[in-house]
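This report concerns only the one structure given below.
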Amino acid sequence: MADPITQQQLSQIAKFSTLHPRPYGQKYEYGTAGFRLLGSLLDSVVFRVGLLAALRSRKLDGETIGVMVTASHNPPDDNGVKLIDPQGEMLEASWEAYATKFANAETDDELTKEYLAVAESLNINLDSPANVVFARDTRASGPALVAALKDGLAAAAADYADYRILTTPQLHYIVKCINTAKTATPYGHPSEQGYYEKLATAFQIVTKGKPKPHVITVDAANGVGGPKLKELARYIGSDYLDVIVVKDEIDAVEKLNYQCGADFVKTQQKLPLGVQPAPYELYASLDGDADRIVFYYIDEAKKFHLLDGDKIASLAAMFIRDLIAVSGVDLQVGVVQTAYANGSSSKYLSDILQVPITVTRTGVKHLHHASQLFDVGVYFEANGHGTVLFSNSATKALESFEAQNPGQQDAVTTLLSLAALINQTVGDALSDLLLVIAILSHKAWGPSEWNLTYTDLPNRLVRVVVKDRAAFKTEDAERRLVEPKGLQAQIDALVKKYKSGRSFVRASGTEDAVRVYAEAATRLEADELAVKVSDLLKGL
Ligand code: G16
């Protein structure tokens, strides 16, 4: 027989759970970035995520856990929810299975049993404190889902704070700030204002004495990034930065990510609807929760040039590698990419910059961990999701370094300010925007000079709807299919026919579809290869 506290919690959970019934027959899975599907199907899931967040916090001695309600790049009717661990990182992988189990529990009774089973197997004291903070993006389904989350937290007797509407990376930042507040290295003030102040100060130091960058126009995908970027720019001040925000209609909820935003620009390889850039001016697009960014410009012939996550990674790796060389501090820079990385970018990084590269599966959670193995780990997915991590030992080495000349001192100061400017918890479009602008202003480069570092191999990404995406299993960091049997051999046979050809197929973890990637020596060949590989999926 459970003790009275446990008993009371279980009966509260059972009681509240009846208000958040699981849709009959619906299956859920904690995927690339948490649960993500139609907002109307998520009420029970978000309630249950509240229960799990409370358990996770109790397991970690009351450290604060974050819950973000967002579907990021997905269409307006979708929504999603993901958990943030105490250092602002994605939920530890071993807990994803509990999240999936909770979400799929068939009855209220089964749910309370799962709750108790996790508590017992992990020795969690249900009478100990639980602290959770949460926020949401601008989607119409957000408020109702937040209400479900609050019920879950109340049922599990957790203390919570509602940070209302934030970008996803802002919530990651706040979680880390709260949990490091009483340590020797507090990350910052745990508030939205603290976030702006930290980034603005760092940007002003990094760009001090450099020419003021050209104006940049940012498409905010009609999402939360629009107002937040305007606020950040206000903190930075127009002496340092001129930014024009377009696609900032957050009240027109149906326009979120519609023919605009980072995912649209990257996958369609074209300008957002209605955006007409002047030649050689820098433009950027955020996604719906401002954790991804891609840049672009047009030339005098109005040709569109994309500067995606690979180009950002290469720019950052080059700049930081050079600064480290000037500083004289003994640190190694490494880069983490996924199968989507353009072949030319990997070649540039390894042959020209001579930095080590690790390849992981898609999902920033995988890249983040791999990049922690470097002193300075640059990780970006080609879709523009990424950041640069400075290890504790790298920061300490920089802080304690005794510079021998002003050049070394400058380089060390810039590196330390970059570590403050770049979000250390997760890929952050606003922080990455400032990083890129700062580097371009140091180098006195415009977008076309940046683009000259290497030439992308033409590539194409296609989304294919199949009967069951779970049937697609991969190996070798998603570069090869293991199942459906025989399909990889057919892809290999096609790829062989194309110069510099490469193609792979993987199931999306955020949409009900599989993705086909193809690259080759010419645009025509890349497109043809993508179509032929997609054709192999017909009927599957
Ligand atoms: C999420 C993940 C990214 C991933 C993207 C697409 O981004 O955080 O790491 O690249 O989904 O994943 P998939 O190809 O599995 O659908 P976001 O911006 O949607 O949160």
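Both ligands and their constituent atoms are indexed starting at 1 by order of listing. Along the sequence shown, residues are numbered consecutively beginning with 1.
Around ligand 1, the residues contributing at least one heavy atom under 4.0 Å from the ligand are Thr32, Ala33, Arg36, Ser72, His73, Asp287, Asp291, Arg292, Thr362, Gly363, Val364, Glu381, Asn383, His385, Arg506, Ser508, Gly509, Thr510, Arg515.
The salt bridge (Lys or Arg N to Asp or Glu O under 4.0 Å) contacts involving residues 252-268 comprise Glu249-Lys255, Asp263-Arg292, Lys266-Asp308, where partners must be two or more places apart or lie in separate chains. The stretch residues 220-232 participates, sequence neighbours left out, in these side-chain hydrogen bond (donor to acceptor under 3.5 Å, both in side chains) pairs: Glu192-Lys228, Lys230-Asp248, Glu231-Arg234.
The side-chain hydrogen bond (donor to acceptor under 3.5 Å, both in side chains) test with Glu89 singles out one residue from Lys365, Gln372, His172, and that residue is Gln372. When the options Asp287, Asp137, Thr168 are evaluated for a side-chain hydrogen bond (donor to acceptor under 3.5 Å, both in side chains) with Ser72, the one that passes is Asp287.
Evaluation of the side chain to side chain contact (heavy atoms under 4.5 Å, CB included) rule for Arg502 yields Phe504, Tyr517, Glu519 as partners, not counting sequence neighbours.
A donor atom on one side chain and an acceptor atom on the other are found under 3.5 Å apart for Glu478 and Thr362.
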